[in-house]
Amino acid sequence: MTHSKGKQASSRDPEYKSRLQQALAKLGDGTYKTVTAAANAHQVACQTLSDRASGLHQSRQEAAKNSQVLSAAEEKVMINWLNFNLSAATPLHPCDLCACAFEISGKMPGRHWHDHFLQQHKKEVITHKPHHLDPKRAQNFNKTTVEEYFRLQKQMVDQYGEIPVEHNWNMNEK
């Protein structure tokens, strides 16, 4: 039975946090008389358990809650909104993302907040770089071509009447 030190053990051992919470609960309900007995029984650092029991320290997650820009619920909303914008082909610029976070929470995000947010949620937020525009497509996307398209669309509306929105399709041969 190896006894690990608090900070190091918590980063290596995925069960450490739950064992620490169990030790705190058992210490609180009187199962263990001393902090040392609870720490030894649950294989947690005695000093960490003592500090948490007396309220001197809290976990990193709990300590970071006060400095977080968005709460967990606000983060979910932001992720859904980001994915919606990305699916609509209107991705947000980092400045816009920070402005949205400020609007939601009222707290001003830091300079690199958007990088950390996207890195933290990289499995939930779908990000990818757009493909380059084919030169032939770029050449045909000009004022004359666009005006011709809208002239033909107006001609169809005049000939057949108003076309319902659900019947307007954007066809792409790719």
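Note that this is a predicted model, so its numbers are computed, not measured. All values below come from the heavy atoms of this structure, side chains included, with hydrogens, waters and symmetry mates left out.
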Going by atom type alone, with no hydrogens or angles, which donor-acceptor pairs under 3.5 Å involve a side-chain atom of residues 153-164 and a protein atom two or more places apart or on another chain?
from	atom 1	to	atom 2	distance (Å)
K154	NZ	D158	OD2	3.2

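Linking ILVMFWY residues whenever their side-chain heavy atoms come closer than 4.5 Å, directly or via other members, leaves Y149 and L152 in distinct clusters.
Around atom NZ of K107, more than 12 heavy atoms belonging to other residues, nucleotides or ligands sit under 6.0 Å away.
Under the ring pair (Phe, Tyr, Trp, His ring centres under 6.0 Å) criterion, F117 pairs with W113, H121, not counting sequence neighbours. Residues forming a side-chain hydrogen bond (donor to acceptor under 3.5 Å, both in side chains) with E15 (at least two apart in sequence, or on another chain): none. Applying the ring pair (Phe, Tyr, Trp, His ring centres under 6.0 Å) criterion to H42, with sequence neighbours excluded, gives Y32.
T145 and N142 form a side-chain donor-acceptor contact under 3.5 Å, judged by distance and modelled atom types alone.
Between the CD1 atom of I104 and the CD atom of E75 there is a distance of 10.0 Å, given to the nearest 0.5 Å. The line from CG of L118 to CD1 of I79 is 9.5 Å long, rounded to the nearest 0.5 Å. In this structure, R111 CZ and C98 SG are separated by 11.5 Å, a value rounded to the nearest 0.5 Å.
The heavy-atom pair separating T34 from L27 by the smallest distance is O-CD1, 3.6 Å. The shortest non-hydrogen separation linking V35 to C46 is CG1-O, 3.7 Å. For the residue pair L49 and A38, the shortest heavy atom distance occurs at CD2-CB, 3.7 Å. Heavy atoms only, all atoms of each residue included: E124 and Q120 are closest at OE1-O, 4.4 Å.
Every pair tested for ring pair (Phe, Tyr, Trp, His ring centres under 6.0 Å) that includes a residue from residues 66-87 fails, sequence neighbours excluded, so the list is empty.
In this structure, S105 contributes its side chain and A101 its backbone to a donor-acceptor pair below 3.5 Å. Proximity of a side-chain donor or acceptor of R19 to a complementary backbone N or O of V44 within less than 3.5 Å is not detected.
Other members of a hydrophobic cluster containing V77 are absent, since no ILVMFWY side chain comes under 4.5 Å of it, directly or through relayed contacts.
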- Task: Show the numbers, then the answer: is there a side-chain contact (heavy atoms from CB on, under 4.5 Å) between M78 and E74?
- Result: CA-CA 6 Å; M78 180 70 87; E74 290 169 339; over 6 Å; no
